[in-house]
Amino acid sequence: MTTSVVAATESGVTAIAVWTLILVVIAALGAALAALSVRRVGAKEEVMSRELAALHTAVDRQVRQSSDNDSWNRDQVTARYQELLFALSNVDRVVAEEISAAVVSTPVGDLQSATRALDKAYDQLNLALTAALVVARRRVHPLALELSTGIDRRVFAPLAPETGIPAPAHERLQSEHAYITRMHSLLLKAMRADLGLLDPSAEATLIFTTKEVESGVQADRSTAAGRSAVQLIDLLEDFGVMPLLGAEDDFVMSDALLVQCEELYSAVSPNFQAVLRHIGDEIHLAIRPDLTDDRLEEIYEIAVRLVEAGLRGNIHRRDGLDGSSLFLIDPTHKAGMDRV
């Protein structure tokens with residue numbers, strides 16, 4: 001019996017030892033798994049930390065690059081604006097100094113040389129305008145676009161008879177010069193606005209003025225603009241235009257002159273309505289007598305615009321055998337602005 005008790009006791013001790021060993025193994029496995037899990041979490045956190053650091057670096061780099069690009073773009077805009085202002089100032093200088101000096105003298109000075117200087121300055125302005133329009137912002141862009149077609153160079157080279165430039169031709173030249181000066185002032189304000197340097201109240205005034213410029217309300221600077229038929233006749237006389245021999249004082253042809261002109265010009269322009277002839281310092285005009293009053297007034301205006309532009313426009317010039325230049329006005333010709 002004693003032996004059985006001892007055996008049972010030993011068997012119980014063995015079972016306890018086995019279970020204890022099992023529990024130890026389980027605890028060890030649990031500790032190992034926990035340690036492994038901690039290492040995995042740590043590794044993931046380390047990866048996430050590295051990714052976040054890389055993301056922050058990329059964001060910082062993008063912010064710096066964007067700032068650099070903004071600075072570069074601003075520098076480019078400023079540079080193009082400065083070039084445009086310089087080119088426009090140069091055109092203004094040539095008109096104020098060289099063109100004006102030539103036309104105010106009697107007889108007229110070296111207008112051809114002054115005109116060549118103006119053409120060169122105008123070409124430089126066109127290049128500056130093209131470059132500026134690429135980068136121009138909202139205040140400068142509409143003004144630069146207007147300026148690209150707005151200047152009428154023809155009036156800076158008027159007809160120059162020995163007696164000097166006619167008063168209305170000089171008036172027309174001055175109005176075009178005033179346009180250039182005004183656009184220079186508006187562009188300067190617009191550039192300051194685009195660069196954030198203009199006072200808000202001044203910018204509001206600029207916006208209103210720009211809309212006026214865009215509307216074309218003040219675009220027609222011709223001496224003919226808004227004149228009646230009688231005023232246009234007086235203006236033509238001030239320009240030195242005379243009735244063609246056989247025409248009345250209002251430039252309307254007599255019946256005999258009409259027959260003669262039809263014989264001379266019908267083959268060239270079957271529907272001609274008026275003849276303007278230039279030879280030497282003389283300009284003659286004759287208009288058909290069978291036109292309506294409205295068309296007659298329009299032809300007066302066409303003639304004024306043609307003469308004030310130095311006989312340069314959209315009416316084809318024909319050279320006569322006697323050295324004269326002929327301009328035959330027909331129904332396709334309309335009074336209005338055109339640029340060369």
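Hydrogens, waters and symmetry mates are skipped; everything else that's a heavy atom, side chains included, is used. Every value quoted in this text rests on a predicted model; they were computed, and no experiment measured them.
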Asker: So which heavy atom on R312 is nearest to which on R154, and how close?
Answerer: O-NH1, 2.6 Å
Asker: Is it true that D110 and R116 make a salt bridge, defined as a side-chain N closer than 4.0 Å to a carboxylate O?
Answerer: no
Asker: Could you go step by step and tell me if F156 and I180 meet the side-chain contact (heavy atoms from CB on, under 4.5 Å) rule?
Answerer: CA-CA 12 Å; F156 293 125; I180 293 173; 3.9 Å; yes
Asker: Listed by chain and number, what are the side chain to side chain contact (heavy atoms under 4.5 Å, CB included) partners of L133, not counting sequence neighbours?
Answerer: H141, A144, L145
Asker: Would you indicate whether R138, at its atom CZ, is surrounded by more than 12 heavy atoms from other residues, nucleotides or ligands within a distance under 6.0 Å?
Answerer: no
Asker: Can you tell me if H278 uses its side chain to pair, donor with acceptor, with the backbone of G280 under 3.5 Å?
Answerer: yes
Asker: Who are the side chain to side chain contact (heavy atoms under 4.5 Å, CB included) partners of V155, not counting sequence neighbours?
Answerer: D152, R172, E176
Asker: Side-chain polar contacts of residues 222-239 - donor-acceptor pairs under 3.5 angstrom, sequence neighbours left out - could you list them?
Answerer:
from, atom 1, to, atom 2, distance (Å)
S222, OG, A224, N, 3.0
S222, OG, E308, OE2, 2.7
T223, OG1, E308, OE1, 2.7
R227, NE, T223, O, 2.7
S228, OG, Q231, N, 3.3
S228, OG, Q231, OE1, 3.4
Q231, OE1, S228, N, 2.9

Asker: Sequence neighbours left out, what passes side chain to side chain contact (heavy atoms under 4.5 Å, CB included) with A204? Give chain and number order.
Answerer: none
Asker: Around atom CZ of R317, are there more than 12 heavy atoms of other residues, nucleotides or ligands at under 6.0 Å?
Answerer: no
Asker: List the atom of A157, the atom of L111, and the distance in Å for their closest heavy-atom pair.
Answerer: CA-CD2, 4.3 Å
Asker: Could K211 and E214 be called an ion pair, given the rule that one side-chain N must be under 4.0 Å from one carboxylate O?
Answerer: no
Asker: Between Y179 and I151, which heavy-atom pair has the shortest distance, and what is it?
Answerer: CE2-CG1, 3.8 Å
Asker: Under a 3.5 Å distance rule, please check whether R221 uses its side chain to pair with a backbone N or O of A219 as donor and acceptor.
Answerer: yes
Asker: Tell me whether T205 contacts the main-chain N or O of S201 through its side chain, where contact means a donor paired with an acceptor under 3.5 Å.
Answerer: yes
Asker: Please report the C-alpha distance between N90 and L125 in whole Å, then the side-chain angles of each, then the deciding distance to 0.1 Å, and finally whether the side-chain contact (heavy atoms from CB on, under 4.5 Å) criterion is met.
Answerer: CA-CA 8 Å; N90 194 38; L125 174 61; over 6 Å; no
Asker: Let me know which of L187, L129, L188 forms a side chain to side chain contact (heavy atoms under 4.5 Å, CB included) with L88.
Answerer: L187
Asker: Once side chain to side chain donor-acceptor pair (under 3.5 Å) is applied, do any residues pair with Y300, and if so which ones, sequence neighbours excluded?
Answerer: none
Asker: Closest approach of D194 and Y81, non-hydrogen atoms and distance?
Answerer: OD2-OH, 2.8 Å
Asker: Begin from the C-alpha positions of R93 and E98 and carry the test side-chain contact (heavy atoms from CB on, under 4.5 Å) through to its verdict.
Answerer: CA-CA 8 Å; R93 180 195 61 79; E98 301 188 40; 3.8 Å; yes
Asker: Return yes if some donor-acceptor pair links the side-chain N/O of S105 with the main-chain N/O of A102 below 3.5 Å, else return no.
Answerer: yes
Asker: For a quick test of reading the model, state the closest non-hydrogen atom pair linking A193 to L206 and the distance between them.
Answerer: CB-CD2, 4.2 Å
Asker: Taking A128's backbone N and O only, do any of them form a donor-acceptor pair with E83's side chain (distance below 3.5 Å, no angle check)?
Answerer: no
Asker: For a quick test of your reading: what N or O donor-acceptor pairs under 3.5 Å do the side chains of residues 240-260 make, sequence neighbours left out?
Answerer:
from, atom 1, to, atom 2, distance (Å)
D250, OD1, V252, N, 3.2
S254, OG, G246, O, 2.8
S254, OG, L257, N, 3.2

Asker: Using a strict cut-off of less than 4.0 Å between a Lys/Arg side-chain nitrogen and an Asp/Glu carboxylate oxygen, indicate whether R288 and E262 qualify as a salt bridge.
Answerer: yes
Asker: Within the distance-only criterion (no hydrogens, no angle test), does the side chain of R80 pair as donor or acceptor with the backbone N or O of A136 below 3.5 angstrom?
Answerer: no
